[in-house]
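Notes follow once the structure below has been shown.
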Amino acid sequence: QPQLVESGGGLVQAGGSLRLSCAASGRTFSMYASAWFRQAPGREREFVAAINWSGRSTYYGKYVKGRFTIPRDPDKSTVYLQMNVLKPEDTAVYYCAAGQGSYTYTGTYVYWGQGTQVTVSS
């Protein structure tokens with residue numbers, strides 16, 4: 001089974017940018033759809049962004065569209081979450097996930113990273 005290792009979380013000021021990384025191992029990266037989710041204390045997990053196995057199609061959550069992107073580098077078996085114009089309400093633990101189904105279906109994501117904390121100060 002693939003392993004997902006996340007990095008890049010930290011503290012950033014509102015309006016700033018941060019890039020999260022998720023490195024995948026165990027299988028060919030190009031065979032997986034990838035996504036990012038986030039969860040703040042006391043809240044349900046929330047969808048952030050997804051990219052299909054080919055890297056040619058993306059989909060974004062309502063509150064991050066226009067600010068976040070989900071690029072990937074298949075040569076490095078890594079998917080990123082580029083976060084721009086960060087807001088305090090973006091503060092959460094961010095998780096990367098992967099699977100071999102449709103990138104638009106949440107049930108696709110059966111492999112998960114450990115999560116990385118993103119804190120946006122005002």
Side-chain angles (χ1 to χ4, degrees):
Q1 295 184 347
Q3 301 289 320
L4 306 179
V5 180
E6 296 167 299
S7 61
L11 176 65
V12 64
Q13 293 182 350
S17 298
L18 198 64
R19 180 177 292 180
L20 307 183
S21 299
C22 179
S25 63
R27 289 208 65 186
T28 302
F29 180 79
S30 63
M31 296 182 67
Y32 291 96
S34 301
W36 291 91
F37 296 82
R38 66 187 183 186
Q39 188 167 23
R43 299 178 183 175
E44 292 294 319
R45 185 185 66 185
E46 178 181 283
F47 170 75
V48 176
I51 187 167
N52 77 334
W53 68 270
S54 71
R56 297 183 181 182
S57 298
T58 57
Y59 192 77
Y60 297 96
K62 176 181 178 180
Y63 297 104
V64 306
K65 186 178 294 184
R67 299 188 296 120
F68 292 10
T69 59
I70 183 172
R72 73 172 197 166
D73 186 345
D75 292 335
K76 296 182 178 179
S77 297
T78 300
V79 63
Y80 305 92
L81 183 67
Q82 178 64 50
M83 303 182 290
N84 301 315
V85 197
L86 282 161
K87 304 175 180 179
E89 53 262 43
D90 294 320
T91 295
V93 177
Y94 284 71
Y95 299 90
C96 65
Q100 296 191 73
S102 172
Y103 78 110
T104 61
Y105 175 55
T106 58
T108 289
Y109 302 104
V110 296
Y111 305 111
W112 293 82
Q114 81 285 351
T116 185
Q117 176 72 43
V118 173
T119 302
V120 183
S121 64
S122 59

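Numbering starts at 1 and runs along the sequence shown.
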- request: Kindly indicate whether the side chain of Asp90, heavy atoms from C-beta on, has any atom under 4.5 Å from the side chain of Tyr63.
  value: no

Side-chain donor-acceptor pairs of residues 2-15 under 3.5 Å, sequence neighbours excluded:
unit_1, atom_1, unit_2, atom_2, d
Glu6, OE1, Gln114, N, 3.1
Glu6, OE1, Gly115, N, 2.3
Glu6, OE2, Cys96, N, 2.3

- prompt: Is there side-chain contact between Tyr103 and Tyr109, with at least one heavy-atom pair below 4.5 Å?
  reply: yes

statement: Heavy-atom closest pair (Val48 atom, Val64 atom, distance to 0.1 Å) is O-CG2, 3.2 Å

query: What residues form a side chain to side chain donor-acceptor pair (under 3.5 Å) with Thr119, not counting sequence neighbours?
result: Gln117

task: Drop me the distance from Thr104's OG1 to Asn52's CG, to the nearest 0.5 angstrom.
output: 9.5 Å

task: Mind checking side chain to side chain donor-acceptor pair (under 3.5 Å) for Arg45 and listing every partner two or more places apart, or none if nothing turns up?
output: none

Any residue meeting side-chain contact (heavy atoms from CB on, under 4.5 Å) with Arg19, in chain and number order, not counting sequence neighbours: Tyr80, Gln82

Close side-chain approach of Phe68 to Leu18, heavy-atom, < 4.5 Å: no

query: Can you list the residues that meet the side chain to side chain donor-acceptor pair (under 3.5 Å) rule with Thr106, with sequence neighbours excluded?
result: none

query: Which heavy atom of Gly113 sits nearest a heavy atom of Tyr95, and at what distance?
result: O-CD2, 3.8 Å

field: Non-hydrogen atoms of Val118 and Met83 that approach each other most closely
entry: CG2-CE, 3.9 Å

Min side-chain heavy-atom separation Trp53-Tyr32 under 4.5 Å: no

- line: Residue set satisfying side-chain contact (heavy atoms from CB on, under 4.5 Å) with Ala92, at least two apart, ordered chain then number -> Arg38, Ala40, Tyr94

message: So which atom in Ala33 and which in Thr108 form the shortest heavy-atom distance, rounded to 0.1 Å?
response: CB-CG2, 4.3 Å

Heavy-atom donor-acceptor pair, Tyr60 side chain to Ile70 backbone, under 3.5 Å: yes

task: Would you confirm whether Thr58, through its side chain, and Ile51, through its main-chain N or O, come within 3.5 Å as a donor-acceptor pair?
output: no

- request: Would you please classify the geometry between the Phe37 ring and the Trp112 ring as parallel, tilted or perpendicular, with 30° and 60° separating the classes?
  value: tilted

